[in-house]
Amino acid sequence: MSFPLLTATAAVPAIGAIVTAAVPAARRTAAKWIALAFSLATLVLAAIALVRFEPGGDRYQLTESHAWISDFGVRYELGVDGIGVALMALTALLIPFVILAGWHDADPVETKSSRWRPTQGFFALILMVEAMVILSFEATDVFLFYILFEAMLIPVYFLIGGFGDRAHAGGDEAGATQRSYAAVKFLLYNLAGGLIMLAAVIGLFTQAGTFSLAEIAEARANGTLDMSTGMERWLFLGFFVAFAIKAPLWPVHTWLPNAMGEATAPVAVLITAVVDKVGTFAMLRFCLQLFPEASKWATPVVLVLALISIVYGALLAVGQRDIKRLIAYASISHFGFIIMGIFAMTSQGQSGATLYMINHGISTAALLLVAGFLISRRGSRLISDYGGVQKVAPVLAGTFLIGGLATLSLPGLAPFVSEFLVLVGTFSRYPVIGIIATVGIVLAALYVLVLYQRTMTGPVNESVRGMPDLKLRELAVVTPLIALLLFLGVYPKPLTDIVNPAVEHTMSDVQKSDPKPEVEAAP
């Protein structure tokens with residue numbers, strides 16, 4: 001038996017979570033280093049999987065398959081395509097930065113609402129989320145994916161409710177109340193989507209007699225999968241609603257601003273750059289592959305919802321007074337671009353959407369983590385409490401600017417390539433949708449530049465006059481992310497070579513080809 005690389009990639013952070021949680025209470029620093037070591041070991045395994053993956057090879061590679069719950073046809077089946085392996089690598093890459101950035105976020109504090117913040121639990125929960133997300137990108141058994149899809153909610157719930165942001169204008173008691181509200185809202189929204197998905201998973205099994213993606217694809221190819229049009233559409237809706245909530249897509253997006261606003265900056269990165277990608281990834285892997293006809297049937301409505309997300313999220317970002325809530329609404333706008341690219345049903349759109357998932361993860365991590373460093377220094381999330389920061393902390397201001405410019409998809413930075421591909425792919429099939437979506441780009445420039453102007457430029461606010469610049473640990477977090485944004489902005493080929501073959505398979509699933517350009521005949 002070959003080495004189970006995919007299992008190991010998910011097992012290492014899971015083991016790390018157990019070991020970290022078992023560290024004695026007085027050894028908080030040791031627990032942090034143990035968590036960081038396990039996250040780095042996971043990154044090494046993910047890098048090995050990325051290197052071993054052959055873009056021109058089989059659709060699913062590094063596969064593993066073992067009997068699990070035989071009576072119900074459930075198997076422990078893993079395999080990655082180009083999209084899954086890229087997102088797995090992104091997750092493994094971001095977690096060490098999340099841990100470093102949150103190094104002191106769970107240190108003990110004396111407050112009225114919390115006298116003890118269990119440091120070991122904080123880092124153990126982060127590693128547990130990493131294990132579940134990575135395994136969800138690898139799962140090729142629908143029931144296995146569903147279990148992971150639901151189970152990852154529990155550690156995220158505790159990370160939001162138990163380790164929320166201390167910078168709350170209403171004081172500690174109000175902050176605790178808001179954190180509890182945000183955590184419960186996150187859990188209820190996603191649990192509701194999961195229950196709808198469970199009904200669809202059961203319905204799929206009654207139709208296909210299996211949970212295996214490979215077996216369902218084979219039955220569809222052989223014409224032995226007897227599924228009526230109405231049944232396929234209902235099952236598609238069951239899966240899609242759950243993924244739309246996780247993504248999130250308007251109008252089921254309202255949990256995200258609360259969750260990101262009340263979570264610490266590293267946990268907010270974990271939510272929007274890692275966990276939420278499971279939703280958009282699942283649209284490609286499950287909705288389009290399992291229900292191709294229903295996906296085409298739903299495309300017009302989904303594109304309209306994505307367009308609303310783009311414009312609505314950007315408009316609300318412009319009006320925000322809270323730094324993290326502004327970034328949250330910007331992410332809703334960006335997820336609209338991702339979903340629009342997926343359902344444009346063009347190779348450029350889907351390649352751009354996949355790149356957008358990766359580049360959004362990197363750019364949002366860079367911006368959010370620098371914003372977290374800024375907020376931790378001043379103790380406030382309100383934009384109005386800042387001003388002139390670039391004069392007292394120029395490195396912090398400079399990295400904040402680069403993260404912001406990446407968020408607005410400035411040419412030369414990684415998100416520009418993905419946003420350009422999404423717009424080109426959408427315009428080639430749905431020109432009106434593509435044209436209206438460009439409003440989101442204009443609004444992105446507005447909210448990012450206004451945010452920078454009000455916090456970093458102008459007279460120095462007295463409350464930030466003695467603000468220190470980025471420290472060595474913080475530079476170690478931000479510098480690699482900025483370097484990646486620059487590298488992938490000018491040379492995205494390593495990513496496109498990996499994801500394009502997977503996109504071709506998806507286009508084949510839905511039996512779509514790119515529209516041919518209209519060329520006028522020469523006179």
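With rounding to the nearest 0.5 Å, the separation of CE in Met88 from CG in Leu93 is 12.0 Å. Leu235 contributes atom CG, which lies 11.0 Å from atom CD1 of Ile202 (distance to the nearest 0.5 angstrom). Put simply, OG1 on Thr364 and CG on Leu369 are 10.0 Å apart, with the number rounded to the nearest 0.5 Å. Here the CG atom belonging to Leu249 is positioned 10.0 Å from the CD1 atom belonging to Ile310, to the nearest 0.5 angstrom. Here the CD-OG distance, from Glu474 to Ser376, works out to 6.5 Å after rounding to the nearest 0.5 Å.
Between the side chain of Ser508 and the backbone N or O of Glu504 there is no donor-acceptor pair closer than 3.5 Å. Between the Arg285 side chain and the Phe137 main chain, a donor and an acceptor come within less than 3.5 Å of each other. One N or O on the side chain of Arg429 and one on the backbone of Met345 form a donor-acceptor pair closer than 3.5 Å. A donor-acceptor contact shorter than 3.5 Å is absent between the side chain of Gln350 and the backbone of Thr506. When atom types are taken as modelled, the side chain of Glu262 and the backbone of Ala183 share no donor-acceptor pair closer than 3.5 angstrom. In this structure a side-chain-to-backbone donor-acceptor pair under 3.5 Å is present from Ser428 to Gly425. Judged by distance alone, with hydrogens and angles left aside, the side-chain atoms of Ser418 form a donor-acceptor pair with the main-chain N or O of Pro415 at under 3.5 Å. In terms of modelled atom types and a separation under 3.5 Å, the side chain of Trp250 and the main chain of Ile332 share no donor-acceptor contact. For the pair Thr280 (side chain) and Ala247 (backbone), a donor-acceptor distance under 3.5 Å is absent. Side-chain N or O atoms of Ser333 include none that pairs as donor or acceptor with a backbone N or O of Tyr329 at under 3.5 Å.
Counted within 6.0 Å of CH2 on Trp103, heavy atoms from surrounding residues, nucleotides or ligands total more than 12; the atom is thus considered enclosed. Other residues, nucleotides and ligands contribute more than 12 heavy atoms inside 6.0 Å of the CH2 atom of Trp297.
Scanning all heavy atoms of the two residues, the minimum distance from Met260 to Leu368 falls at CE-CD1, 3.5 Å. Taking each heavy atom of Pro13 and Glu130 in turn, the nearest pair found is CB-OE1, 3.5 Å. Of all non-hydrogen atoms in Arg473 and Ala101, the two that sit nearest each other are NH1-O, 3.6 Å. Here the closest non-hydrogen pair linking Phe143 and Asp141 is N-OD1, 3.0 Å. Here the closest non-hydrogen pair linking Ala414 and Asn359 is O-ND2, 3.1 Å. What you find for Tyr146 and Gly194 is that their closest heavy atoms are CE1-O, 3.2 Å.
If you look at Phe145 and Phe239, their ring centroids are not closer than 6.0 Å. If you look at Phe186 and Tyr157, their ring centroids are not closer than 6.0 Å.
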- Task: Check the pair Met340 / Leu303 against side chain to side chain contact (heavy atoms under 4.5 Å, CB included), numbers first and verdict last.
- Result: CA-CA 6 Å; Met340 186 177 73; Leu303 288 177; 3.9 Å; yes
- Item | Evaluation steps, side chain to side chain contact (heavy atoms under 4.5 Å, CB included), between Ser309 and His253 | CA-CA 9 Å; Ser309 288; His253 66 286; over 6 Å; no
- Task: May I have the step-by-step check of side chain to side chain donor-acceptor pair (under 3.5 Å) for Glu77 and Ser65, ending in yes or no?
- Result: CA-CA 4 Å; Glu77 286 191 347; Ser65 181; 3.3 Å; yes
- Show your reasoning for whether side chain to side chain contact (heavy atoms under 4.5 Å, CB included) applies to Lys277 and His360. CA-CA 10 Å; Lys277 297 300 186 300; His360 171 266; 2.9 Å; yes
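Between Val133 and Val278, the closest side-chain pair of non-hydrogen atoms falls below 4.5 Å. Using a 4.5 Å cut-off on side-chain heavy atoms (C-beta onward), Met357 and Leu90 make no contact. In this structure the side chain of Phe163 never reaches within 4.5 angstrom of the side chain of Asp105, judged on heavy atoms. Inter-residue side-chain proximity for Leu204 and Phe291 is flagged as met; some heavy-atom pair is nearer than 4.5 Å. Residues Ile126 and Thr20 fail the side-chain proximity criterion, which asks for heavy atoms closer than 4.5 Å. For the pair Phe97/Ile362, no side-chain contact is recorded, criterion being any heavy-atom separation below 4.5 Å from C-beta on. Proximity of Leu78 to Thr140: side-chain heavy atoms (C-beta onward) are nowhere separated by under 4.5 Å.
There is a side-chain donor-acceptor pair under 3.5 Å between Glu64 and Thr7.
Between Phe240 and Phe236, the two ring planes are parallel [angle under 30°; tilted spans 30° to 60°].
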